[in-house]
Protein chains: 2
Amino acid sequence: MGITKTDQFTLKQNQIATLAKAIGHPARVAILDYLMKVDSCICGDIVNELPLAQATVSQHLKELKNAGLIKGNIEGNAICYCIDEKAFTKLQNYFLNLAKQVEKKKSKCC
Amino acid sequence: MGITKTDQFTLKQNQIATLAKAIGHPARVAILDYLMKVDSCICGDIVNELPLAQATVSQHLKELKNAGLIKGNIEGNAICYCIDEKAFTKLQNYFLNLAKQVEKKKSKCC
DNA sequence: TTACTTTATCGTAATATTGCAATTAACTTT
DNA sequence: AAAGTTAATTGCAATATTACGATAAAGTAA
């Protein structure tokens, strides 16, 4: 009833789902886009870049951090956010593997 | 308010978010896993493969179909579900581009 | 110390998602 | 036609997410 049956699926399935879910909101995609765009990652101005209130942005950043997609270092009284490559590598591998599988069975398929 | 401010983000950001969101549930990851595993895609037995009720599985299939990740053809009184490569290609490109960007600024970063 | 800046957290309201039993719809088999 | 099979839909309850104002926390600057 509204609660995901996490324990019924494999660890890997849950990991992929968690990562994908974190990317599954346009505001969080926009945050990732911005973190990629800026040269340095000393960026205390993510809030100004997004059309959302500060509290909301903070919440989205927290979710990205929880999923392991970004990491934040305290830098004076601002915070330096960065993309964390490790998580993205995991997702990339998933999609690469998926693409390989799909390619293999292309002929047998509708 | 609880409603996502879709109109405040770019089309691409929304597209990526929609695709990622669809993958953001272990049951749907499991469905994709299964569709990849089986040889043919004439598969009316997805329900038996998952630890969820028929109605729930049907709902998850619908979401995957809405996101464009799978496609379903009617095959007698069963339905043949397949992975739709196009959507995955879009996601893969996103991650490939992201990886490239991250690589480029590795040195300047924390 | 006081004022300012920056980010996190709390509380709350609105909306979305997840899951299932029951039912319906559409096709097959007998 | 009657019974059976397969998948979608409906209705509902429980939980999660999204968003924001207000406030707190932690640092910096005057």
Side-chain angles (χ1 to χ4, degrees), chain A residues 1-9 13-14 17-31 34-35 41-67 69-82 110, chain B residues 1-9 13-14 17-31 34-35 41-67 69-82 110:
Chain A
M1 300 98 182
I3 189 163
T4 297
K5 290 182 155 184
T6 306
D7 55 313
Q8 302 274 8
F9 300 98
Q13 285 167 345
N14 279 304
T18 302
L19 289 172
K21 191 175 181 180
I23 304 178
H25 191 287
R28 295 194 287 268
V29 175
I31 289 173
Y34 182 67
L35 284 180
C41 48
I42 298 134
C43 33
D45 46 0
I46 297 177
V47 173
N48 303 320
E49 284 291 315
L50 292 181
L52 297 171
Q54 183 266 324
T56 310
V57 174
S58 185
Q59 215 171 277
H60 283 305
L61 284 167
K62 192 179 171 187
E63 274 177 74
L64 286 171
K65 206 159 53 174
N66 283 344
L69 288 162
I70 63 173
K71 45 189 174 180
N73 295 60
I74 298 166
E75 197 99 359
N77 70 347
I79 289 191
C80 157
Y81 278 111
C82 275
C110 40
Chain B
M1 295 85 186
I3 188 163
T4 297
K5 290 183 155 182
T6 307
D7 55 313
Q8 302 274 9
F9 300 98
Q13 285 167 345
N14 279 303
T18 301
L19 289 172
K21 192 175 181 180
I23 303 178
H25 190 288
R28 294 195 288 269
V29 174
I31 290 173
Y34 181 67
L35 283 180
C41 48
I42 299 131
C43 32
D45 46 359
I46 297 176
V47 173
N48 303 320
E49 284 291 316
L50 292 181
L52 297 170
Q54 184 266 323
T56 310
V57 174
S58 186
Q59 214 172 278
H60 284 304
L61 285 167
K62 192 179 173 187
E63 273 176 76
L64 286 170
K65 205 159 53 171
N66 283 344
L69 289 163
I70 64 173
K71 45 188 173 180
N73 296 61
I74 298 166
E75 198 99 359
N77 71 346
I79 290 190
C80 156
Y81 279 111
C82 275
C110 40

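Protein chains get the first letters and strands the later ones, always in sequence-line order, with residue 1 at the start of each. Being a predicted model, the structure only gives us computed values, none of them experimental.
Remark: A:Ala17 engages B:Pro26, B:Val29 in a side-chain contact (heavy atoms from CB on, under 4.5 Å) (not counting sequence neighbours). Checked against side-chain hydrogen bond (donor to acceptor under 3.5 Å, both in side chains), A:Glu63 has the following partners two or more places apart in sequence or in another chain: A:Arg28. Residues passing the side-chain contact (heavy atoms from CB on, under 4.5 Å) test with B:Thr18: none are found, sequence neighbours excluded. Checked against side-chain contact (heavy atoms from CB on, under 4.5 Å), B:Thr6 has the following partners two or more places apart in sequence or in another chain: B:Thr4, B:Asn14. B:Ala30 meets the side-chain contact (heavy atoms from CB on, under 4.5 Å) test with A:Phe9, A:Gln13, B:Leu50; sequence neighbours excluded.
For B:Asn73 and D:dT6, the CG to P distance is 18 Å, given to the nearest whole Å. Whole-Å rounding puts the B:His25 NE2 to C:dA16 P distance at 18 Å. Going from atom NZ of B:Lys21 over to atom C1' of C:dT17 covers 8 Å, rounded to whole Å. The CD-C1' distance, from B:Gln8 to D:dT18, rounds to 14 Å in whole Å. For A:Glu49 and C:dT7, the CD to P distance is 13 Å, given to the nearest whole Å. For the pair B:Glu63 CD and C:dT17 C1', the interatomic distance rounds to 7 Å; values are reported in whole Å. D:dA7 atom P lies 15 Å from atom CG of B:Leu64, rounded to whole Å. Taking atom CG of B:Asn48 as the reference point, atom P of D:dT5 lies 13 Å away to the nearest angstrom.
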Query raised in the report: Do A:Ile23 and B:Leu19 pass the side chain to side chain contact (heavy atoms under 4.5 Å, CB included) test, and can you show the C-alpha distance, the side-chain angles, and the key distance before you say yes or no?
Result: CA-CA 9 Å; A:Ile23 304 178; B:Leu19 289 172; over 6 Å; no

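Using a 4.0 Å cut-off, no side-chain N or O of B:His60 falls inside it from OP1 or OP2 of C:dT17.
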Under 3.5 Å, N/O pairs linking protein and nucleotides 8-11 of chain C:
{"from": "C:dA8", "atom 1": "OP1", "to": "A:Tyr81", "atom 2": "OH", "distance (Å)": "2.5"}
{"from": "C:dA8", "atom 1": "OP2", "to": "A:Ser58", "atom 2": "OG", "distance (Å)": "2.9"}
{"from": "C:dA8", "atom 1": "N7", "to": "A:Gln54", "atom 2": "NE2", "distance (Å)": "2.8"}
{"from": "C:dA8", "atom 1": "N6", "to": "A:Gln54", "atom 2": "OE1", "distance (Å)": "2.8"}

